Amino acid sequence: MRAELARALDAYEQARRNADGGRSRAGALDVLRALDDGRYALACLDALLADEPLPERMPSCFFDDRHGRAVRLVRWAPPGGTARDIAVCAADAVRLAERPRTSPSPRPSPRPGSGTRPASGPGRIAPRPAPESGNKPLLSGVRAPAAKFPEAAPLSAPQPQVSGEGSGGAVTHRLAMPTYRPALMVFSTHERALVNLRFEDGAGRSSRLYRLTGGGAPVVARVPLPSGAAKAVAFQVFAAGGGGSWTAGPAPLREAPRFHGEINGAGSDVVHYRGEPGRGVLRYEGPSVIQLEALDDRLVYRVTVAEGSGAGEYPFQWPGRGYYQVRSAGAWSLSTA
């Protein structure tokens, strides 16, 4: 229980530091992710206190990231669109359940800065205000920092390969899914860069946010494209400094680096562990949170195997062979103990 409380406190402290570091869009993504880690740690603490199973780690609420972590999947369809399962927070789940069958489908809350807000009422999801520094603290003595979120971005047409020149999240790019599933998205830059990716759909992911870096070299990173019915995946690119050209395209699973004993990397990436179950060590040289996540055979998030905050060594247990995802903002290495 103390470990979960410490994780929550560390996450909120990291969010405060990220918020103090600036008001850029990329910085807002770091704040949001740190707050998400803190909320999940508190949910685990509540479950332990109630002697209940640990909650499944789900993505942020589909309708608005500021609502916090989703608690369940519900069936929903946009006006004139196809029904699909989405992850929503507890409040939105209740509102959807109480929505009259004849009322129009609810719409996602608009991003701050879009200039419009949907009216609340039957069939509408009323947005909740973003947290401000003066709000009630989530933990005693810990206040959630204010975060500035990117505005809604226009959609591009689906493409088999997407490229761009820098970006501040002004366009939501759409990558056409390949005929083979599951698959990876390989994101690469032509020069050194620090890139944040934000996916529109969080299905199959622990978080929609990915931070990519080449550790002093151009970025070459793999991001999972979980199996599903979607014909395209939508994402936004936030490049630090706004410079540098980039390319994103689908790739088969064989593009994930394979290893048995040890592997090194930087930023978020997908790797293929070919060793046996047993003790492992995650070494990290970055300043923020790092997580090692196990994926299932569809590249859907399964469980967090190891995590830590700041530079250090973090021991864990390898569940066995399979695909794993590292989420970090700095250099790391994985090995068997």
Side-chain angles (χ1 to χ4, degrees), residues 10-12 14-19 21-41 57-70 86-87 89 108-109 111-112 130-131 144-153 167-173 175 184-185 187 189 193-213 219 221-226 233-240 246 248 266-270 286-293 295 299-301 304 307 309 325-330 332:
D10 289 344
Y12 289 128
Q14 182 63 46
R16 185 191 63 78
R17 290 196 296 267
N18 289 340
R23 295 288 182 174
S24 67
R25 290 178 175 178
L29 297 180
D30 288 338
V31 172
L32 185 60
R33 181 177 175 184
L35 288 175
D36 187 56
D37 291 336
R39 292 188 184 104
Y40 179 68
R57 181 153 191 173
M58 301 187 72
S60 300
C61 179
F62 173 83
F63 291 109
D64 196 323
D65 291 324
R66 297 169 295 168
H67 292 184
R69 181 168 298 282
I86 59 171
C89 64
S109 302
R111 302 293 176 200
K148 181 179 180 181
F149 297 87
E151 298 178 358
S167 185
V171 176
T172 297
H173 306 278
L175 177 68
L184 300 168
M185 183 177 84
F187 187 97
T189 63
L194 177 61
V195 177
N196 287 278
L197 295 185
R198 182 185 185 279
F199 287 85
E200 291 295 298
D201 190 350
R205 307 178 190 276
S206 64
S207 172
R208 290 186 279 181
L209 311 177
Y210 292 81
R211 191 164 192 178
L212 312 179
T213 177
V219 175
R222 288 143 288 265
V223 178
L225 297 177
V233 58
F235 63 95
Q236 295 173 322
V237 178
F238 301 88
W246 54 268
S268 298
D269 207 350
V270 174
S288 55
V289 176
I290 185 170
Q291 295 171 315
L292 176 63
E293 301 174 346
L295 308 177
L299 295 190
V300 172
Y301 168 81
T304 298
E307 61 184 320
S309 179
Q325 177 173 252
V326 180
R327 288 180 175 270
S328 80
W332 51 266

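Just so we're clear, the structure is a prediction, and the values are computed from it rather than from any experiment.
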Residue list, side chain to side chain contact (heavy atoms under 4.5 Å, CB included) with Ala329, at least two apart or on another chain: Arg211, Tyr284, Ser288

Between Arg208 and Tyr210, which heavy-atom pair has the shortest distance, and what is it? O-CD1, 3.8 Å

Walk me through it: do Glu200 and Gln236 pass the test side-chain contact (heavy atoms from CB on, under 4.5 Å)? CA-CA 8 Å; Glu200 291 295 298; Gln236 295 173 322; 4.0 Å; yes

Of the non-hydrogen atoms in Arg198 and Leu209, which two are nearest, and what is the gap between them? CG-CD2, 3.5 Å

Nearest heavy atoms of Val270 and Pro224, plus distance in Å: CG2-CD, 3.5 Å

Between Thr172 and Ala234, the two heavy atoms sitting closest are CG2-CB, 3.7 Å

Under the salt bridge (Lys or Arg N to Asp or Glu O under 4.0 Å) test, which residues partner Arg222, sequence neighbours left out? Asp269

With Thr189, which residues qualify under side chain to side chain contact (heavy atoms under 4.5 Å, CB included), at least two apart? Phe187, Ala193, Val195, Pro218, Val219, Trp246

Which atom of Ala221 lies closest to which atom of Leu212, heavy atoms considered: CB-CD2, 3.9 Å

Work out which heavy atom in Ile290 is nearest to a heavy atom in Ser328; give both atom names and the distance. CG1-CB, 3.6 Å

If you apply the rule side-chain contact (heavy atoms from CB on, under 4.5 Å), what do you find for Val237 with Leu197, and how did you get there? CA-CA 5 Å; Val237 178; Leu197 295 185; 3.8 Å; yes

Residue set satisfying side-chain hydrogen bond (donor to acceptor under 3.5 Å, both in side chains) with Ser309, at least two apart, ordered chain then number -> none

Quick one: does Ser206's side chain get under 4.5 Å of Thr304's, heavy atoms only? no

Determine whether Val223 and Arg205 make a side-chain contact, defined as any pair of heavy atoms from C-beta on separated by less than 4.5 Å. yes

Please tell me if the side chains of Gln291 and Ser207 come closer than 4.5 Å, counting only heavy atoms from C-beta onward. no

